[in-house]
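This report concerns only the one structure given below.
For the numbers below, each heavy atom of this structure counts, side chains included, while hydrogens, waters and symmetry mates do not.
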Amino acid sequence: MTDCQHCGKPASGTLCAKCTADYWAMIYQLGHIQLPTLRSIMLRQAHIGTPAHTPNKGTAPLPIDTHAQDLIADSEAWLAEQAGKIRAAYAAYDWRKAWYAIISNRHTILTMSTAADDYANLQHITRRNEQALTPEEAMVIIGTCPKCGHQATSTPQAETWTCPACKWQGGVQAIKATRDNKLWQLEYTGKPVEVARYLAKMDIHCTSDQIRQWLTRGKLHATPTKHKGEYVFNLGEITAMLDCHN
């Protein structure tokens with residue numbers, strides 16, 4: 001029995017049973033879902049979210065989505081590299097044939113000496129693909145990168161986050177905890193419905209009715225502005241009230 005080269009848990013080979021299962025699921029998802037979808041987006045055959053109207057400025061739109069093209073290139077390069085490890089000639093296959101070659105040689109791929117590094121590289125590629133394929137409205141602000149200060153956005157279900165700017169990686173819950181502590185230093189000026197909507201973008205859910213009730217009962221020390229129904233809210237106070245309410 002050795003240690004998993006990815007997570008450090010006991011393993012009978014390069015990867016433990018959980019990492020092996022997760023790695024294989026990512027390989028399957030890459031070829032079965034992510035790459036076909038990205039290619040559709042690249043060719044403008046599919047769109048993420050609701051298409052927005054843009055005024056005609058006299059220039060034709062690009063025929064392809066260049067961001068999707070970059071993600072596809074990285075994904076296909078990873079597949080070609082892995083297929084080439086099975087047999088050198090496979091490295092020249094197109095992405096679909098390379099993926100089928102990998103799928104057909106499961107044991108070989110999962111037991112390679114480089115499996116831990118290959119898995120880590122695929123995690124990075126898959127994460128970038130998922131972010132590109134997630135509608136913008138489904139993303140929430142979880143905080144900021146502790147290394148470079150870049151705003152951190154993620155899906156609510158994510159466990160880890162990688163900074164797109166400096167590549168720092170950390171746990172989502174830890175980033176959220178740091179954010180929640182900093183909320184006491186942040187103020188938001190607006191109506192209850194507006195502050196509730198703003199907090200929802202950070203995956204902090206309270207209703208405008210709750211905020212109004214806390215104001216009426218004197219539990220929130222928000223400062224009224226000269227505009228009717230508008231206040232200066234302390235975001236930390238609202239989240240603390242929400243924790244008590246829950």
Heavy-atom closest contact ([X] atom, [Y] atom, distance):
X      : Y      : value
Tyr90  : Ala83  : CB-O, 3.3 Å
His150 : Cys163 : CB-SG, 3.8 Å
Gly190 : Phe233 : O-CE1, 3.2 Å
Trp161 : Thr153 : NE1-O, 3.3 Å
Asp209 : Arg212 : OD1-NH1, 3.0 Å
Ile175 : Thr144 : CG2-O, 4.0 Å

Nearest 0.5 Å, what's the [atom1]-[atom2] distance between [X] and [Y]?
X      : Y      : atom1 : atom2 : value
Ile27  : His32  : CD1   : NE2   : 15.0 Å
Gln213 : Cys206 : CD    : SG    : 11.5 Å
Leu15  : Thr20  : CG    : OG1   : 4.5 Å
Leu235 : Ile204 : CG    : CD1   : 8.0 Å
Thr126 : Asn121 : OG1   : CG    : 10.5 Å
Thr162 : His124 : OG1   : NE2   : 7.0 Å

Going only through I, L, V, M, F, W and Y residues with side-chain contacts under 4.5 Å, is there a path from [X] to [Y]?
X      : Y      : value
Val232 : Leu199 : no
Ile103 : Leu35  : yes
Tyr100 : Tyr28  : yes

N/O donor to acceptor pairs below 3.5 angstrom from side-chain atoms of residues 108-116, sequence neighbours left out:
residue: Thr111; atom: OG1; partner: His107; partner atom: O; Å: 2.6
residue: Thr114; atom: OG1; partner: Lys85; partner atom: NZ; Å: 3.0
residue: Thr114; atom: OG1; partner: Asp118; partner atom: OD2; Å: 2.8

Item to complete: Go through the steps for Val193 and Arg197 under the test side-chain contact (heavy atoms from CB on, under 4.5 Å), then give the verdict.
Response: CA-CA 6 Å; Val193 66; Arg197 193 179 299 129; 3.6 Å; yes

Worksheet item: Between Asp180 and Thr239, do the side chains contain an N or O donor and an N or O acceptor separated by less than 3.5 Å?
Response: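 Thr239 and Asp180 do not have a side-chain donor-acceptor pair below 3.5 Å.
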
Side-chain donor/acceptor of [X] to backbone N/O of [Y], under 3.5 Å:
X      : Y      : answer
Glu237 : His221 : yes
Trp184 : Asn234 : no
Arg179 : Met202 : yes

Worksheet item: Would you find more than 12 non-hydrogen atoms of other residues, nucleotides or ligands less than 6.0 Å from Lys167 atom NZ?
Response: yes

Worksheet item: Within a radius of less than 6.0 Å around OH of Tyr198, do more than 12 heavy atoms belonging to other residues, nucleotides or ligands occur?
Response: no

Worksheet item: Among Leu220, Leu215, Val195, whose side-chain contact (heavy atoms from CB on, under 4.5 Å) with Tyr231 holds?
Response: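 Per the side-chain contact (heavy atoms from CB on, under 4.5 Å) rule, the option paired with Tyr231 is Leu215, out of Leu220, Leu215, Val195.
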
Practice prompt. Using the side-chain contact (heavy atoms from CB on, under 4.5 Å) rule, take Tyr188 and Glu194 through it: C-alpha gap first, then chi angles, then the decisive distance, then the call.
Written response: CA-CA 9 Å; Tyr188 184 93; Glu194 294 169 340; 3.8 Å; yes

Fill in: Validation row: Gln5, Tyr119 side chains within 4.5 angstrom (heavy atoms)
no

Practice prompt. Evaluate the side-chain proximity of Arg39 to Trp95: yes if any heavy-atom separation is below 4.5 Å, no if none is.
Written response: yes

